[in-house]
Each structure stands twice: as C-alpha cells, then as structure tokens.
**Q** 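Take a look at this one; I'll ask things after.
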Amino acid sequence: YGEGRELEWSEVTHLVTSVLCSVIEIIAEGYREHYENEQDTATTVVAEKEHASDVSLTLNNGAKWNGDESTNANVKNLETILSDFKPSSTPATADYVTLSNNLQSGLDKLVKECRMKGPDHDALHAWLEPLIGKVRNLKQTSDVNAAVSATEDIREHVHLYHTYFE
C-alpha cells in the first residue's frame with residue numbers, strides 16, 4: 001500500500017476477515033489440544049477398565065512379580081511427584097487438585113509406556129486399578145482434611161509397588 005493511498009472498503013473487509021480467521025484458527029487449535037488431552041486421560045481410564053482382571057494383589061508364589069524397566073521408572077516418577085508435593089502454608093483443595101493432575105499425568109505415562117505381559121501384567125493391574133481410583137477421588141475431594149488423608153493413602157499404595165514388584 002503506497003504512501004498516501006487510502007485503503008478501499010473491500011481491502012479493509014478482506015484484511016479484517018483474514019485477521020478474524022487467523023484468530024478463530026488459533027482458538028480452535030487450543031480447544032482441539034484441550035479436547036485431545038481430556039480424551040487421552042479418558043482413554044487411560046477406559047483402557048484400564050478393559051484390562052481389568054480378577055487377579056488380586058498377591059506375591060508370585062512368594063516371590064515378587066517382574067516389573068519392566070519403563071514401569072519401574074514411572075513408579076519412581078509417581079514417588080517423586082508425591083515426595084516433591086508441598087501444600088501451601090494454608091493448604092487448600094486446589095493444592096491437592098494440582099497434585100492429582102500431576103499424578104494422573106504420571107499414571108497416563110505409566111500405562112502408555114507399559115510393555116508388561118502375562119501374569120506380571122495382571123498383577124500390575126491389581127495394583128494399578130485401585131491407585132487410579134484413589135487419584136480420581138483425590139481430585140474430586142472438596143475437604144482439605146479428606147485430601148490430606150487421601151494423599152497419605154495414595155503414598156502408601158504407591159509404596160506397595162515395591163512389596164510386590166521388582
């Protein structure tokens with residue numbers, strides 16, 4: 001557009017339309033990413049239910065079950081999330097919602113990367129399924145004292161992994 005040249009109405013309309021389309025595209029992309037993240041989490045829960053077994057968590061004839069390298073690393077990550085968690089000086093349920101979101105991300109990664117098969121895998125699900133429920137309950141807790149108690153229950157459950165797996 002040369003100096004001193006005024007824009008015609010059709011050019012202004014075209015320019016505004018282009019800008020609006022770009023903005024709508026950016027917003028739509030953000031919604032798409034948010035929706036995909038929600039779908040990934042929902043897929044994890046569905047996948048866990050589809051793989052549900054009737055196996056209760058017991059030792060393998062007195063011995064520990066074999067956890068694969070990725071699963072062991074992801075359990076260690078869950079332990080780190082829990083040990084790094086420090087609620088604010090005046091704890092609020094929002095602190096625990098953040099914790100539950102971090103734990104859910106860790107669980108999603110654990111499930112996605114798990115390559116275990118057979119009875120070891122079934123035993124893992126016997127440990128994992130209650131943990132998924134405990135994390136979901138923590139996220140939905142609206143009472144700080146209940147959230148503190150739920151967090152301790154999750155810590156104990158995550159620690160159980162080492163009793164049953166190597």
Side-chain angles (χ1 to χ4, degrees), residues 27-166:
I27 291 170
E29 178 66 18
Y31 279 114
R32 185 189 60 77
E33 288 176 9
H34 176 75
Y35 177 76
E36 285 177 356
N37 288 340
E38 283 183 352
Q39 290 298 89
D40 289 346
T41 299
T43 300
T44 296
V45 172
V46 169
E48 289 308 311
K49 289 185 181 196
E50 287 174 356
H51 288 93
S53 64
D54 293 330
V55 175
S56 62
L57 188 56
T58 60
L59 289 171
N60 183 7
N61 296 317
K64 291 182 179 184
W65 298 97
N66 293 314
D68 67 1
E69 184 178 331
S70 173
T71 300
N72 290 336
N74 282 305
V75 169
K76 177 68 177 155
N77 180 53
L78 293 173
E79 292 171 328
T80 300
I81 291 168
L82 286 162
S83 66
D84 288 351
F85 173 67
K86 306 287 186 257
S88 58
S89 58
T90 53
T93 55
D95 296 330
Y96 294 92
V97 168
T98 299
L99 173 62
S100 69
N101 288 337
N102 292 340
L103 289 167
Q104 184 61 54
S105 293
L107 288 170
D108 290 345
K109 187 172 187 273
L110 186 152
V111 169
K112 182 179 178 184
E113 294 179 358
C114 178
R115 301 293 177 254
M116 293 170 63
K117 302 278 186 222
D120 293 317
H121 184 255
D122 294 340
L124 177 66
H125 278 269
W127 172 81
L128 187 58
E129 290 167 13
L131 181 58
I132 290 170
K134 290 171 190 281
V135 170
R136 186 180 319 112
N137 290 341
L138 175 62
K139 184 172 188 162
Q140 296 170 351
T141 299
S142 59
D143 175 73
V144 173
N145 291 329
V148 170
S149 177
T151 300
E152 188 53 38
D153 190 35
I154 290 169
R155 276 186 218 283
E156 291 172 8
H157 193 87
V158 169
H159 186 69
L160 275 179
Y161 180 83
H162 301 291
T163 301
Y164 294 96
F165 295 89
E166 56 185 6

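Atoms considered below: every heavy atom in the structure, side chains included; atoms not considered: hydrogens, waters and symmetry mates.
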**Q** According to the ring-ring contact (aromatic ring centres under 6.0 Å, His included) rule, which pairs have a member within residues 92-113, sequence neighbours left out?
**A** Phe85-Tyr96

**Q** Is any side-chain heavy atom of Lys112 less than 4.5 Å from a side-chain heavy atom of Asp108?
**A**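 Heavy-atom side-chain distance check fails, nothing below 4.5 Å.
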
**Q** With a 4.5 Å cut-off on side-chain heavy atoms, are Asp143 and Thr93 touching?
**A**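 No - every pair of side-chain heavy atoms lies 4.5 Å or more apart.
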
**Q** Are side-chain heavy atoms of Leu59 and Phe165 found at a separation under 4.5 Å?
**A**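 The answer is no; the side chains never approach within 4.5 Å.
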
**Q** How long is the span from the NZ atom in Lys86 to the CG atom in Asp95, to the nearest 0.5 Å?
**A** 12.5 Å

**Q** Is the shortest heavy-atom distance from the side chain of Leu107 to the side chain of Leu128 under 4.5 Å?
**A**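 With C-beta onward as the side chain, the pair touches.
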
**Q** Find the distance between CG (Leu131) and CG (Leu160) and round it off to the nearest 0.5 Å.
**A** 10.0 Å

**Q** State the CG-OG distance between Asn137 and Ser100, to the nearest 0.5 angstrom.
**A**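 It is 10.5 Å, given to the nearest 0.5 Å.
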
**Q** Identify the two heavy atoms, one from Leu78 and one from Trp127, that lie closest to each other, and give their separation to 0.1 Å.
**A** CD1-CH2, 4.4 Å

**Q** Quick test of your reading: applying side chain to side chain donor-acceptor pair (under 3.5 Å), list the pairs with at least one residue in residues 155-164, sequence neighbours left out, ordered by first then second residue.
**A**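 Every pair satisfying side chain to side chain donor-acceptor pair (under 3.5 Å) with a residue in residues 155-164: Asn72-Tyr161, Glu79-His162.
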
**Q** Residues in side-chain contact (heavy atoms from CB on, under 4.5 Å) with Asn102, at least two apart?
**A**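 In terms of side-chain contact (heavy atoms from CB on, under 4.5 Å), with neighbours along the sequence ignored, Asn102 is linked to Ile81, Thr98.
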
**Q** Going from OG1 on Thr141 to CZ on Arg136, what distance comes out if it is rounded to the nearest 0.5 angstrom?
**A** 12.0 Å

**Q** List the steps, then state whether side chain to side chain donor-acceptor pair (under 3.5 Å) holds for Lys109 with Asn77.
**A** CA-CA 10 Å; Lys109 187 172 187 273; Asn77 180 53; over 6 Å; no

**Q** Any chance you could measure Ile132, atom CD1, to His125, atom NE2, to the nearest 0.5 Å?
**A** 8.0 Å

**Q** Give me the atom names and distance for the closest heavy-atom approach of Cys114 to Leu124.
**A**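 Cys114 and Leu124 have their closest heavy atoms at SG-CD2, 3.7 Å.
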
**Q** Tell me the closest heavy-atom pair linking Leu138 and Leu99, and the distance in Å.
**A** CD2-CD2, 4.0 Å

**Q** Mind checking side-chain contact (heavy atoms from CB on, under 4.5 Å) for Asn60 and listing every partner two or more places apart, or none if nothing turns up?
**A** Trp65

**Q** Check for a donor-acceptor pair, side chain of Ser149 on one end and backbone N or O of Ala146 on the other, with a separation under 3.5 Å.
**A** no

**Q** Tell me if a side-chain donor or acceptor on Thr71 pairs with a main-chain N or O of Gly67 at a distance below 3.5 Å.
**A** no

**Q** Only counting residues at least two apart or in another chain, list the ones meeting salt bridge (Lys or Arg N to Asp or Glu O under 4.0 Å) with Lys134.
**A** Asp153

**Q** Scan residues 128-149 for pairs that pass ring-ring contact (aromatic ring centres under 6.0 Å, His included), counting only residues two or more places apart or in two chains.
**A**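 Qualifying pairs: none.
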
**Q** More than 12 foreign heavy atoms under 6.0 Å from CD of Glu69: is that the case here?
**A** no

**Q** So which heavy atom on Ser56 is nearest to which on Ala126, and how close?
**A** C-CB, 3.9 Å

**Q** How long is the gap from CE on Met116 to CG on Asp122, to the nearest 0.5 Å?
**A**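 So the gap between those two atoms works out to 9.0 Å.
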
